[in-house]
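Below: the structure, in C-alpha cells.
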Amino acid sequence: MSDTPFKPLDRNGIAARIARDIPEGWFVNLGIGIPTGVSDFVPEDREVIFHAENGVIGIGPAPSPENVNPHLVNAGVTPITLRTGGAFVHHADSFAIARGGHLDLCVLGAFEVAENGDIANWARSPNEPVKQVGGAMDLAVGAQRLWVAMEHNTKGNGESRIRRVCSYPLTAKGVVRRVYTDLAVLEVTPEGFVVLDMIPGLTFETLQARTEAPLRRMPG
Amino acid sequence: MSDTPFKPLDRNGIAARIARDIPEGWFVNLGIGIPTGVSDFVPEDREVIFHAENGVIGIGPAPSPENVNPHLVNAGVTPITLRTGGAFVHHADSFAIARGGHLDLCVLGAFEVAENGDIANWARSPNEPVKQVGGAMDLAVGAQRLWVAMEHNTKGNGESRIRRVCSYPLTAKGVVRRVYTDLAVLEVTPEGFVVLDMIPGLTFETLQARTEAPLRRMPG
Amino acid sequence: MIHKFVSTTEEAMAGIPDGATILLAGFGAGTPEHLLKGLIAQGAKDLTLVVNAGGRDDGPIAELLATERIRKIVCSFVRPASVAARLFTAGKLELEIVPQGTLAERIRAGGAGIQAFYTPTAADTLLAEGRETRVINGRNCLLEYPILGDVALIDAWQADRWGNLTHKDSARNFNPIMAMAAKLTIVQTAHVVELGDLPPANIHTPGVFVQRVLHVPAQ
Amino acid sequence: MIHKFVSTTEEAMAGIPDGATILLAGFGAGTPEHLLKGLIAQGAKDLTLVVNAGGRDDGPIAELLATERIRKIVCSFVRPASVAARLFTAGKLELEIVPQGTLAERIRAGGAGIQAFYTPTAADTLLAEGRETRVINGRNCLLEYPILGDVALIDAWQADRWGNLTHKDSARNFNPIMAMAAKLTIVQTAHVVELGDLPPANIHTPGVFVQRVLHVPAQ
C-alpha cells in the first residue's frame, strides 16, 4: 500500500480544521500561535465565546488600524475588539474562569505531546536561564478540554512531536485530550493515541512512520 | 476613698463614647447590638466609612419608612441607605476587605473579653446544639483593630465580663485591643487591662471590685 | 444562537437529582424565592443546602426544610427558634457551621479551582477541633476546602440571553460567587435585556457561569 | 473630608523606602507609566518588582531595570531578548517565575488575607521542584503563598476623592487585585470625577484599597 501524494496543512489549515470541531455555545481560550487563528474560521452565525487571560470575555474580530482601542488587547497584547455581549473582569477573576473549569475548551500550541496526555510547551530545556511560562500551566490544568495545535514534526530534522514520553520540561501532566497537526487529528485515550482523521492522501502507515508514539486506528 | 454616686452609661452612651474615638477617614465595621448604634453618634462632617459584611461600603443613615429599598440591607438585615461615594461588592470581596486587614476598626459585642485579648461572643456553652457564628470570627481576626462594646457585668448576678480567662467558647484569640463598657474604657496591653477612662464619679477601686481581671491605672 | 432563557419554572428546575448539593444565594435581599418555591415543587430529596442563614420560622427556606428533603445544611448560623434548629435537635438534619467569610471564600475557591486554603479565621475555636491547622508567619491557620454545588439558585436584576447578569444594590451578596461554584446555575431575573444592553465593564456575573435564566418580574 | 488626591508626582511617590516590594499593574494596557517614571526619579533601590511580564528592551520597565535598582522580579515570563534576561544572566537580578494565574491568585490572596492555598497549576513541573505538594481529591497540588506589596502602582480611568476607581476595558487586568494587596496604593487616573459620580454598583476598585491618587490626563 503506497501513499498517494499528500499536502500537509499550513497553519491556517490546522486552525480551520480545529474550528470545524467547536460547536456553538462553547466558551474557549486560544493560546498564542496557531490557536489564535482558530477564531477566524468560526462562522459568524455560530456563537462561540472566546476568552483572554487578561480579563476579556467575548473577543471579536481584529479592529481596522484606524479603530484600534489602546485599552483593549488580548493575551498576546494584540489589539482586539469586544463582541456584543462581551464583558471585562480583572485578572484573578479571569483566571478563576480558566482554573475553575469554566472553559469548555482551551487550544494551546506545544513543542511535544505524549501518549499519556502530557504537554510540553514552555521551555526547550530545564537549563534555559530565562523561563516563559505565562498562563499556559493554568489553562492546561484548568480547562474542561485541552486540545493542542502544532506541526506533526520538527522543522529541522523532522523529529516527531507526538511522543511516548515528552523530552522537554512539562507544562502539565496527563491533560491533553486531542492533537491537531498538519497531518492528522489524534485523540489521547487510555490506550494511547487514536487517529480520528488524516489529511487526504495520507495513509496510516506513513503517518505512523512519521510518529514516535504508537498510533491506533479508530475502532470500527 | 469612697465612691461618689455614678451612673453607668446606657447602650447609647457606650456607642457615643466609642464614636468619640473614631477619627475621620477610618473604614469601620460595626457588629450587631450596641456597636450598630455607633454610627449615629459620628457627626456628619466627620467622614467615617462604614462597611457591612454583605458587600456594602459606605452605610448611610437609616431610611424613612417610605424610602425603604428592599434591595439594600446591612449585616443585621435591617434596611439602610448608601452614602454618596459608597459601593457594592459581592460577599467574597466584602470578606476580602474584612479578612485582608483593610478595616481600620471593627467594633463587636461580646459575652466576655480576657486580659490577653481573647473574645467570646458567639456561644454560651460548647454544648449548645445550634451555633450562631455569622461573620464575627472573620472580623475578629481580620480587622486592624478590634474594639468590644458591652456591659461591664452580667445582668443577672453582676458577674464580670472582663476576665482573666474567658469561660465561654472563643471567637478568636488575642485580638481585642480595647473594651468600652458602661463603666470604663480598658486597653488590652501585654501587661493586661489598663484603664483609659472611667465614667464620672467612679473610682478605680470600685471598678476593680466589679472586675474579675486585675486592672492597672494609666501610667503617668 | 446562545439562548439561556427558559419559559417555565418546571423547565428551570428540571433534572435536579436526589442527593444534589444546592447553593442558595441571598442575604436579606437577593434570595431567589421563586426558584426556591420551584425546588419545593420539583421534589428532589436528600439534598445538601449551602446558604448563609439557616433561616427563621417563616419564608420559603423554612418551607423547604419542613419538607424534610434536606439532609444537611452548610451555613454560618441558625437561629435557635427555627425549623432548622428543631430538625437538628430531633436528629433529622445535619448541620455544618462555617464562619461567614470562610463560607464565602470556600464557595469562591470552588468556583476558582482552588483545592484548599489556610485561613486564621476560626483556627483557635471550637470549630477547629479535630481539624488540620498550621502556623504560617506566626499565625495559627485552619485548612479549609472548597464548596462546589451541583446546582446554584441565583437572583438577578437584569439578564441577557448569554446569561450575563447584574444584581441590585446589596442583593448582589452571594449571587456572583455561587453562580461560579455550581455545575448548573439557575437564575431568576427581574428584568430581561437585549444582548449588548449591559455595559461590558459593569456585568456583575458573566454568562459563562450561568446555564438557565427564568424571567420572574418583580411584584 | 477624605481627600486622597495629591498634586505632584513627587508627593505621589514620597516615602517609598529602599528594599520595598512594588506591585506594578498592567498587561499591554493599564500600566501606570507615569508613576513608573516617577519611581525611576524617586530613587528607591534594592526593590522587588512584581509584574506580569519581565518586559522588553524598551519602555519604562526596561528603563527602571537598567538603573539596577531592582534586586528581584516576580513575574510570569521574561523574554530572552530583554534587559531583565541580560541582568539575570549577568547575576545582577533574581528572578521568580510564577504561572500567570497563580501570580494573580497569590496577589488576590495577599489582599484577601488568605495565608496559603493549594493549586494543581505547576504541580507536576520544574517549578514545583523542592516545594511542598499534596494530593487533594486525586490531583497533585502545589502550596502557594500570598504576595503582598509595600507599594502598588495602579492605573485608573476615573477616580473620586475617596479613591474609588474605574478601569477602562482590558486595562483593568491586575489593577484591582494589586490595589488590594499593598500597604500603600498609588494611583494615576486619566479622569477625576466628583464623589457620587461613579455608580455604586459599578466601581471596579473601591477606595478602601487606595491611599493616593494623582491626576495624569491621557495624552
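Chain letters run A, B, ... following the sequence lines, proteins first and then strands; every chain starts at 1. Remember, it's a predicted structure, so these values are computed and weren't measured experimentally.
Looking at B:R83, the atoms closer than 4.5 Å to chain D (heavy atoms on both sides) all sit in the side chain, from C-beta outward. Contacts of D:L198 with chain B are absent, with no heavy-atom separation under 4.5 Å from either backbone or side chain. Heavy-atom distances place the side chain of B:V89, and not its backbone, under 4.5 Å from chain D. Contact of D:L148 with chain B is not made at all, since no heavy-atom distance falls under 4.5 Å.
Below 30°, between 30° and 60°, or above 60°: for B:F111 and B:Y168 the angle between ring planes is above 60°, a perpendicular geometry.
Under a cut-off of 6.0 angstrom, the local environment of CG in D:N137 is sparse, with at most 12 non-hydrogen atoms contributed by other residues, nucleotides or ligands.
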Tell me, with the steps shown, if D:F5 and D:H215 meet ring-ring contact (aromatic ring centres under 6.0 Å, His included).
-> CA-CA 8 Å; D:F5 287 103; D:H215 186 199; 7.7 Å; no
Please report the C-alpha distance between D:R131 and D:L143 in whole Å, then the side-chain angles of each, then the deciding distance to 0.1 Å, and finally whether the side-chain contact (heavy atoms from CB on, under 4.5 Å) criterion is met.
-> CA-CA 8 Å; D:R131 294 174 54 199; D:L143 183 63; over 6 Å; no
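Checked options B:F88, B:F27, B:F95; the residue passing with B:H51 is B:F27 (criterion: ring-ring contact (aromatic ring centres under 6.0 Å, His included)).
Highest contact tally toward chain D, considering only B:G101, B:G25, B:G86, is held by B:G86 [criterion: heavy-atom pairs under 4.5 Å]. No other option in B:G85, B:A92, B:A98, B:A87 has as many heavy-atom pairs under 4.5 Å with chain D as B:G85.
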